[in-house]
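First the structure, in the form of structure tokens, and then the observations on it.
Note: hydrogens, waters and symmetry copies are ignored here, and every other heavy atom, side chains too, is used. Indexing begins at 1, ligand by ligand and atom by atom, following the structure's order.
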Amino acid sequence: MSANEALLTLEGWYTYHNFRTINWEKWRAASAEERQAALDELNGLIQTWEANEAENQGSTAFYSILGHKADLVFMFLRPTMQELDEIKTAFNKTRFASYTEAPYSYVSVVELSNYVHNPGEDPKANPHVRDRLYPILPKWEHICFYPMNKKRDLQDNWYMLSMQERQEMMRSHGMIGRSYAGRVKQIIGGSIGFDDWEWGVTLFANDPLEFKHIVYEMRFDEVSARFGEFGNFLVGNVLNKETLAKKLEV
Ligand code: VOV
């Protein structure tokens, strides 16, 4: 094995998942005028996110999260970390934020690992590559998010495998992934140095069973079976301004 077989990675937009729980007791106790003012202010912010996406300067999606880990997730992609920080601060200053808690967040950067590439080509000049580095979030019916690592045990250490071994396993992974084309869209966020895990995986599908099927199928594939370590899974249903307002009716 050569001493430096670190992989070249390509990075695109920075990503921030802002998970929120709603303090329903506090929200219910607020006056109807206060709730309306909070909603109007939140809608104003959503309009700025929509304008940003229309100008291709980022992308935003928000979902209603199932289970007790969170009630909502706002997912942001932006060209710089500064913009993500401004978004966080602007959200936290809203009235609506004061009726919520923040149980979890995740920071990463959209990443393509260059395992499968055409030698001699400038990957960032390739429109397919650009579409994947700077993706517009699809707003499909469902989202699934989970963080993951590749194992670093003495027996099974991903980072001590040769480039060829890793390439072969990633080729097999890519082939399984491609069999879900049009049904599952994945955004892989690289988070080494940014957050607690090595990657944040965000999947979108119109049928939530696709998440169960793809994750299960990948567990049998060597790269996930031997090396995949996973954090909490969160799953949700798409929201827009209208359905968010409906969810917040009391
Ligand atoms: C829609 C499904 C889908 C498709 C098409 C797909 C394809 C591909 C390709 C071709 C490549 C390599 C080149 C690149 O493009 O980066 C990757 C890379 C990666 N993947 Fe993937 N993946 C999918 C889906 C998919 C899922 C469901 C998971 C979670 C794994 C699981 O067990 O739960 C995952 C993870 C990753 C990761 C963490 C990486 C980076 C690994 C590294 O070591 O750098 N991925 N992936």
Side-chain angles (χ1 to χ4, degrees), residues 1 4-13 15 17 77 106-119 121-124 126-138 140-153 156-236:
M1 197 184 88
N4 183 4
E5 287 202 296
L7 183 75
L8 280 179
T9 53
L10 293 171
E11 283 85 17
W13 278 338
T15 82
H17 293 69
L77 305 183
Y106 208 81
V107 174
S108 67
V109 62
V110 178
E111 178 191 285
L112 298 187
S113 47
N114 224 354
Y115 281 115
V116 193
H117 73 290
N118 304 325
E121 176 194 82
D122 169 12
K124 283 204 172 180
N126 179 329
H128 299 295
V129 172
R130 293 190 64 81
D131 283 352
R132 292 191 54 208
L133 291 174
Y134 311 107
I136 297 301
L137 300 174
W140 287 358
E141 287 297 321
H142 302 282
I143 193 170
C144 168
F145 173 82
Y146 53 102
M148 67 173 287
N149 289 339
K150 295 253 177 102
K151 205 189 273 178
R152 281 182 289 130
D153 276 356
D156 281 325
N157 186 331
W158 175 255
Y159 297 89
M160 292 183 74
L161 298 179
S162 70
M163 176 67 97
Q164 195 191 340
E165 285 172 289
R166 283 177 286 142
Q167 236 160 9
E168 278 165 13
M169 282 190 234
M170 288 314 293
R171 189 160 291 130
S172 165
H173 166 85
M175 274 165 66
I176 296 179
R178 271 194 285 278
S179 72
Y180 287 82
R183 294 182 287 140
V184 177
K185 176 157 175 65
Q186 90 281 18
I187 310 257
I188 304 299
S191 45
I192 290 182
F194 294 166
D195 217 315
D196 298 342
W197 296 76
E198 294 173 347
W199 290 278
V201 177
T202 309
L203 307 177
F204 297 92
N206 284 318
D207 178 352
L209 287 179
E210 302 284 10
F211 299 143
K212 184 171 182 294
H213 295 160
I214 192 171
V215 175
Y216 183 61
E217 190 174 347
M218 283 186 176
R219 293 285 159 101
F220 291 94
D221 188 48
E222 191 171 3
V223 64
S224 293
R226 268 178 73 196
F227 298 100
E229 292 180 330
F230 302 92
N232 282 337
F233 282 66
L234 294 116
V235 69

Work out which heavy atom in [X] is nearest to a heavy atom in [Y]; give both atom names and the distance.
X	Y	result
Leu161	Arg166	O-NE, 3.3 Å
Ser191	Ser108	CB-CB, 3.8 Å
Lys150	Glu198	N-OE1, 2.8 Å

Looking at [X], which atoms of ligand 1 are within less than 4.0 Å of one of its heavy atoms?
X	result
Phe230	31 (C), 32 (O), 33 (O)
Met148	29 (C), 30 (C), 38 (C)
Arg132	15 (O)
Ile214	2 (C)

Can an N or O of [X] be found at a distance shorter than 3.5 Å from an N or O of ligand 1?
X	result
Ser224	yes
His173	yes
Tyr146	yes
Tyr180	no
Arg178	no

With heavy atoms only and a cut-off of under 4.0 Å, state how [X] meets ligand 1: side chain, backbone, both or neither.
X	result
Lys185	neither
Arg166	neither
Ile176	neither
Leu112	both

Pick whichever of [options] has a heavy atom sitting closest to [atom].
atom	options	value
atom 11 (C) of ligand 1	Met169, Met170, Glu217	Met170
atom 37 (C) of ligand 1	Ile188, Asn114, Ile187, Val215	Ile188
atom 5 (C) of ligand 1	Gly228, Ser113, Gly177	Gly177

Notebook entry, point to check: Is a side-chain N or O of Asp195 found less than 3.5 angstrom from the main chain of Val107, in a donor-acceptor match?
Noted result: yes
Notebook entry, point to check: Counting distance only, does the side-chain N/O of Asn206 pair as donor-acceptor with the main-chain N or O of Trp140 below 3.5 Å?
Noted result: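 No; judged by distance alone, with no hydrogens or angles, the pair does not exist.
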Note to self: Using 30° and 60° as the class boundaries, would you call the ring planes of Tyr146 and Phe233 parallel, tilted or perpendicular?
What the structure shows: parallel
Item checked: Aromatic plane relationship, Phe145 with Tyr106 - under 30° parallel, 30 to 60° tilted, over 60° perpendicular ->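 Answer is tilted, since the angle falls between 30° and 60°.
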Notebook entry, point to check: Strictly under 4.0 Å, does any heavy atom of Arg219 approach an atom of ligand 1?
Noted result: no
Notebook entry, point to check: For atom NZ of Lys124, is the number of surrounding heavy atoms from other residues, nucleotides or ligands below 6.0 Å larger than 12?
Noted result: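 Yes, because the 6.0 Å sphere around NZ of Lys124 holds more than 12 heavy atoms from other groups.
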Notebook entry, point to check: Is it the case that Arg130 places NZ or CZ above or below the six-membered ring of Tyr134, under 6.0 angstrom from the centre and within 45 degrees of the axis?
Noted result: no
Margin query: Is the terminal nitrogen or CZ of Arg219 (NZ for Lys, CZ for Arg) located under 6.0 angstrom from the six-membered ring centre of Phe230 and within 45° of that ring's axis?
Written below: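 That pair qualifies as a cation-pi contact.
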Note to self: Within this structure, what is the NE2-CD distance for the pair His173 and Glu168, rounded to the nearest 0.5 Å?
What the structure shows: 15.5 Å
